[in-house]
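Throughout, residue positions are numbered sequentially from 1 according to the sequence presented.
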Amino acid sequence: MAIDANWRRIALVILGIGGLIAAGGVLMGLSSLRHVLLGERADGVVAAVLREGGLYAPVVRFRLPDGESLEVRELGSGAPDFSVGDAVTVLYLPESPHDFRLDTFERLWLVPVIVAGLGGFCLMFGAVAWALSRNADLALVGERAFTVVSLSALIIGVFVLWSTVDLYTVGGRARGTVTEIRESRSMVAEEVTGPGGGAVRRDAESITFVPIVRFTTPEGREIEFHGRGGSGTALAAGDVVNVVYDRNRPGRARITSFTDLWLPAATFFVVALLFGLAVRLSRWNRRRATGRNSRSIP
């Protein structure tokens, strides 16, 4: 049937894209693994944090075994994840010391995991399209896809909650000051109902507000970090907030509020619950329909 051929072509395209994205994530992970297994370790210190546009790039200083001092710049990120004076472990290749990684989960594995996960979701949707091309039961295919989404959200939620609980229970406490509310503007496409009742597509400006908070540790180090951004904020420049921070990496800090601490994990758990309930409801409807059909057979 034509629809089967169309679904098959769609499936092949999605599977190809997902495979390429997943392969990119795996290659990134293998590069990090190479540094972990073959790289030399050196104690370093963050000498500076350079801001280039909206990115923050830590500059790290460390010494080679022969005593030579190297100063290298790591890739930038959208929010500062290090502060000047942070002690870090550098993984570098002996034949090329400028080829290095910082020994943290975020710098080694977070991007490969995100890229590979995105590729995995594309592969899942490609598998759904392939199943539809073979006239599979749409309800059964949807249940399996929703189960994958629910379990993935649950696993991520547990990891995020564990990280938050660890920070909240053993982290240091400080009083911080909101130095500014930074606006980030972007254009997004949206559909609105036109005068004639039809859908009209237009570009709209989206504004995100991010509080920038500064606090001082008991050792006298001045730390600046970004709070959770959103379409609105109850904070203003000059507000004093309570802060919880990692004693070893003070740049890993959060405002002690539900939004900054607990909302990310809660969001993943809500997604897991909703998709899980959808699977249960679908199975219940299928069982009920099967029961009615069996009773109607003479």
Side-chain angles (χ1 to χ4, degrees), residues 17-18 20-64 68-122 156 159-160 163 167 179-180 182-186 208 210-214 221-229 245-246 248-254 260 264:
I17 295 173
L20 290 175
I21 296 175
V26 171
L27 290 176
M28 292 179 185
L30 290 176
S31 177
S32 294
L33 184 62
R34 180 187 178 207
H35 283 77
V36 171
L37 297 179
L38 304 179
E40 297 288 342
R41 293 177 177 268
D43 294 329
V45 62
V46 177
V49 177
L50 304 179
R51 183 181 176 187
E52 300 175 345
L55 298 180
Y56 296 81
V59 176
V60 178
R61 186 182 298 121
F62 67 98
R63 288 188 178 278
L64 299 177
E68 180 185 357
S69 178
L70 284 186
E71 193 168 273
V72 292
R73 185 175 67 177
E74 177 63 295
L75 295 175
S77 59
D81 51 351
F82 292 96
S83 301
V84 175
D86 281 354
V88 295
T89 300
V90 180
L91 303 173
Y92 67 93
L93 298 181
E95 65 276 13
S96 179
H98 285 86
D99 186 357
F100 73 100
R101 297 286 189 277
L102 298 184
D103 190 14
T104 67
F105 174 83
E106 294 83 357
R107 290 285 174 168
L108 284 173
W109 310 113
L110 185 59
V111 173
V113 168
I114 291 176
V115 174
L118 179 60
F121 272 103
C122 287
I156 297 173
F159 177 80
V160 173
S163 177
L167 177 65
T179 58
E180 65 173 302
R182 188 167 298 165
E183 296 184 7
S184 176
R185 298 174 181 268
S186 60
T208 301
V210 178
I212 311 299
V213 180
R214 184 175 297 151
R221 294 179 57 192
E222 193 172 79
I223 307 297
E224 183 177 276
F225 71 96
H226 290 192
R228 300 286 183 191
Y245 65 94
D246 188 328
N248 296 319
R249 268 180 56 197
R252 181 184 169 227
R254 295 287 183 268
D260 276 51

Next item on the list: Tell me, with the steps shown, if Leu64 and Glu40 meet side-chain contact (heavy atoms from CB on, under 4.5 Å).
Entry: CA-CA 9 Å; Leu64 299 177; Glu40 297 288 342; over 6 Å; no
Checklist line | Closest approach of Pro97 to Phe62 (non-hydrogen atoms, all atoms of both residues) | finding: O-CZ, 4.1 Å
Notebook entry, point to check: CH2/Trp109 to CZ/Arg101 distance, rounded to the nearest 0.5 angstrom?
Noted result: 10.0 Å
Notebook entry, point to check: Would Arg41 and Leu91 count as a side-chain contact (heavy atoms from CB on, under 4.5 Å) if you check the C-alpha gap in whole Å, the side-chain angles of each, and the deciding distance to 0.1 Å?
Noted result: CA-CA 5 Å; Arg41 293 177 177 268; Leu91 303 173; 3.4 Å; yes
Next item on the list: Apply the test side-chain hydrogen bond (donor to acceptor under 3.5 Å, both in side chains) to residues Ser163 and Arg252: give CA-CA distance (whole Å), side-chain angles for both, the deciding distance (0.1 Å), then the verdict.
Entry: CA-CA 11 Å; Ser163 177; Arg252 181 184 169 227; 3.0 Å; yes
Next item on the list: Grab the two heavy atoms, one from Cys122 and one from Gly18, that are nearest each other, plus how far apart they are.
Entry: CB-CA, 3.4 Å
Check: Roughly how far, to the nearest 0.5 Å, is the CD atom of Glu222 from the OG atom of Ser83?
Finding: 10.0 Å
Notebook entry, point to check: Looking at Gly85 and Arg221, what are the two nearest heavy atoms and their distance?
Noted result: C-NH2, 3.6 Å
Note to self: Just verifying a value: how many Å separate Phe225 CZ and Asp81 CG, rounded to the nearest 0.5 Å?
What the structure shows: 14.0 Å
Margin query: Side chains of Asp103 and His35 only: does a donor on one sit below 3.5 Å from an acceptor on the other?
Written below: no
Item checked: Expected output: side-chain Asp260 to main-chain Arg228 donor-acceptor under 3.5 Å -> yes
Margin query: Minimum heavy-atom separation for Tyr92 and Ala42, please, with both atom names.
Written below: CE2-CB, 3.9 Å
Next item on the list: Take the angle between the ring planes of His226 and Tyr56 and call it parallel below 30°, perpendicular above 60°, tilted in between.
Entry: perpendicular
Next item on the list: Please name the pair of heavy atoms, one in Met28 and one in Val111, separated by the smallest distance, quoted to 0.1 Å.
Entry: SD-CG1, 3.8 Å
Margin query: Can you tell me how far apart CG (Asp246) and CZ (Arg254) are? Round to the nearest 0.5 Å.
Written below: 10.5 Å
Item checked: side-chain contact (heavy atoms from CB on, under 4.5 Å) assessment of Phe82 paired with Val88 -> CA-CA 9 Å; Phe82 292 96; Val88 295; 3.6 Å; yes
Next item on the list: Please report the closest heavy-atom contact between Val210 and Gly227, naming both atoms and the distance.
Entry: CG1-O, 3.5 Å
Enumerate donor-acceptor pairs with a distance under 3.5 Å from any side-chain N or O in residues 43-54 to protein atoms, sequence neighbours excluded.
unit_1	atom_1	unit_2	atom_2	d
Arg51	NE	Gly53	O	3.1
Glu52	OE2	Arg73	NH1	2.5

